[in-house]
Amino acid sequence: MPIDNIVILTGAGISAESGIRTFRAADGLWEDHRVEDVATPEAFERDPVLVQRFYNERRAHLLNGIEPNDAHVALAEFETQHTNNGGRFTLVTQNIDDLHKRAGSSNLLPMHGELLKIRCSATHKLFPCREPIEVDRPCPCCQVPGQLRPHVVWFGEMPLYMDEIERDLSQCDLFVSIGTSGNVYPAAGFFQLASAVGARTVELNLEPSANANQFDEGYYGPATEIVPEFLSQL
Ligand code: APR
């Protein structure tokens with residue numbers, strides 16, 4: 001069966017070799033910070049200084065020499081080739097870094113938000129952000145201090161682009177999950193939506209994820225090796 005409609009899901013593992021920490025490894029981000037303290041709306045309400053500092057640090061790290069790696073580039077190049085041949089390609093990422101965008105991916109859905117954007121809590125307007133944000137900085141739209149928050153989906157909040165994601169999954173022939181532990185829903189359930197419409201489901205990861213045995217196929221190793229290899233055989 002020709003592979004016309006492809007949906008890719010990526011997680012922190014695809015950016016690990018670029019120098020960005022994952023969340024649940026032994027040296028993961030959640031080893032140093034409790035989710036409840038830095039990645040929930042309640043945390044932001046309780047201690048906005050701590051939350052803004054957490055994202056300011058991650059933003060500064062991303063902007064300090066971090067580059068897309070061969071896996072990001074291979075996905076962008078494959079998307080161009082596949083769409084030039086009339087195929088459909090959607091890249092859904094759980095990552096908030098901008099490495100897929102910088103690698104050249106175009107049909108990109110950052111379902112957990114973007115680290116290099118901030119949002120006014122009153123108007124929901126987005127603004128580019130490449131520097132540290134102080135808690136009391138007035139938002140450019142209302143000029144009111146304290147309304148700017150990271151444009152990041154926190155635990156307990158609805159992920160972004162879910163209508164497009166579910167539409168594309170319902171029409172896909174191939175679903176590939178790359179560099180995610182399969183711990184966080186709804187992303188961890190996307191393979192089931194693809195499988196339900198008869199798509200081929202593949203996991204590319206450093207090691208088998210929580211749902212590994214429910215994929216049709218699994219290939220394991222560093223993303224910079226297995227992603228270009230897998231795409232070259234499609
Ligand atoms: N190549 C491929 N996979 C890798 C590599 C690598 N070099 N390094 C790590 N991995 C894999 C790990 O084996 C793990 O399965 O990447 C996965 C990372 O898992 P997590 O740290 O749980 O990150 P992720 O799955 O993206 O987390 C999902 O949880 O905390 C929230 O919002 C946050 O988007 C995040 C979501």
Side-chain angles (χ1 to χ4, degrees), residues 8-44 51 54-55 57-59 61-62 66-75 91-101 103 108-117 149-162 165 175-192 201-215 217-231:
I8 308 279
L9 170 69
T10 63
I14 200 167
S15 295
E17 291 164 87
S18 292
I20 295 182
R21 291 166 74 180
T22 62
F23 293 95
R24 295 173 181 83
D27 62 346
L29 263 173
W30 297 147
E31 294 306 308
D32 294 352
H33 306 274
R34 287 176 355 112
V35 165
E36 298 76 8
D37 294 342
V38 294
T40 65
E42 296 76 17
F44 190 60
V51 173
F54 176 67
Y55 289 95
E57 288 167 356
R58 293 174 67 191
R59 192 177 299 116
H61 177 67
L62 175 61
I66 299 290
E67 295 293 336
N69 63 50
D70 290 349
H72 297 105
V73 172
L75 282 169
L91 175 51
V92 182
T93 187
Q94 300 173 91
N95 301 338
I96 59 175
D97 63 56
D98 65 338
L99 298 183
H100 282 304
K101 188 183 286 187
L108 176 61
L109 302 176
M111 64 180 289
H112 287 169
E114 298 174 72
L115 187 55
L116 299 186
K117 289 181 182 169
R149 59 163 279 181
H151 178 52
V152 172
V153 177
W154 285 327
F155 285 89
E157 296 184 321
M158 265 306 285
L160 308 172
Y161 308 105
M162 285 306 293
I165 293 169
F175 173 73
V176 186
S177 175
I178 304 173
T180 181
S181 62
N183 276 298
V184 174
Y185 287 81
F190 288 170
F191 76 91
Q192 288 163 322
T201 57
V202 181
E203 173 175 83
L204 305 180
N205 211 45
L206 191 62
E207 69 234 349
S209 73
N211 307 309
N213 60 2
Q214 299 187 63
F215 284 81
E217 301 156 54
Y219 302 94
Y220 299 101
T224 55
E225 293 172 18
I226 61 174
V227 172
E229 172 64 24
F230 176 78
L231 294 173

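Being a predicted model, the structure only gives us computed values, none of them experimental. Order of appearance sets the numbers: ligands from 1, and atoms from 1 within every ligand.
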_CD1-CG distance between I178 and L9, expressed to the nearest 0.5 angstrom_ = 8.5 Å

_For atom 10 (N) of ligand 1, the option (of G13, A187, A25) bearing the nearest heavy atom_ = G13

*What is the nearest protein non-hydrogen atom to atom 24 (P) of ligand 1, stated with its residue, atom name and distance?*
T180 OG1, 3.8 Å

*asked:* Any side-chain to backbone donor/acceptor pair from N183 onto A210? Under 3.5 Å, distance only.
replied: no

*Close approach, P222 and ligand 1, non-hydrogen under 4.0 angstrom*: yes

*Counting each atom of ligand 1 from 1 as listed, which ones have a heavy atom of G179 under 4.0 Å away?*
3 (N), 16 (O), 17 (C), 18 (C)

*asked:* Could you identify the single nearest non-hydrogen protein atom to atom 27 (O) of ligand 1 and state the distance to 0.1 Å?
replied: R24 NH1, 3.0 Å

_Check: N95 side chain, G11 main-chain N or O, donor-acceptor pair, under 3.5 Å_ = yes

*Among all protein heavy atoms, pick out the one at the shortest distance from atom 21 (O) of ligand 1; state its residue, atom name and that distance to 0.1 Å.*
F23 N, 2.7 Å

*Looking only at N/O atoms, are G11 and ligand 1 under 3.5 Å apart anywhere?*
no

*Measure the spacing between CD1 of I66 and CZ of R58 and express it to the nearest 0.5 Å.*
12.0 Å

*Run the side-chain hydrogen bond (donor to acceptor under 3.5 Å, both in side chains) check on S15 and H100 step by step: do they pass?*
CA-CA 9 Å; S15 295; H100 282 304; 5.9 Å; no

*Expected output: side-chain S18 to main-chain I20 donor-acceptor under 3.5 Å*: no

_Main-chain N/O of S209 paired with E203 side-chain donor or acceptor, under 3.5 Å_ = yes

*Could you tell me the separation between the CZ atom of R21 and the CG atom of D32, rounded to the nearest 0.5 Å?*
4.0 Å

*To the nearest 0.5 Å, what is the distance between OG1 (T10) and CD (Q94)?*
7.5 Å

*So which protein heavy atom does atom 14 (C) of ligand 1 come closest to, and at what separation?*
N205 ND2, 3.9 Å

*Would you find a donor on one side and an acceptor on the other, under 3.5 Å apart, between the side chain of E17 and the backbone of T224?*
yes

*Please say whether G182 places an N or O atom under 3.5 Å from an N or O atom belonging to ligand 1.*
no

*Under a 4.0 Å heavy-atom limit, does V184 contact ligand 1 with its side chain, its backbone, both, or neither?*
side chain

*Provide, to 0.1 Å, the distance between atom 30 (O) of ligand 1 and the closest protein heavy atom, together with that atom's residue and name.*
W30 NE1, 2.8 Å

*Distance to 0.1 Å, residue and atom name: give those for the protein heavy atom nearest to atom 3 (N) of ligand 1.*
L206 N, 3.1 Å

*asked:* For atom 32 (O) of ligand 1, what is the closest protein heavy atom, and at what distance to 0.1 Å?
replied: H112 ND1, 3.4 Å

*Starting from atom 26 (O) of ligand 1, find the nearest protein heavy-atom neighbour and note its residue, name and distance.*
A12 N, 2.8 Å

*Check for a donor-acceptor pair, side chain of E157 on one end and backbone N or O of W154 on the other, with a separation under 3.5 Å.*
yes

*So, is Q94 polar-close to ligand 1, with some N/O to N/O distance under 3.5 Å?*
yes

*Below 3.5 angstrom, do we get any N/O pair linking S181 and ligand 1?*
yes

*A223: numbered ligand 1 atoms lying under 4.0 Å from its heavy atoms*: 1 (N), 2 (C), 6 (C)

_Per-atom contacts of ligand 1 with A16, taking only distances under 4.0 Å to non-hydrogen atoms_ = 8 (N)

_E207, E203, E17: member with heavy atom nearest to atom 7 (N) of ligand 1_ = E17

*Parallel, tilted or perpendicular for W30 and F54, by the 30°/60° rule?*
parallel

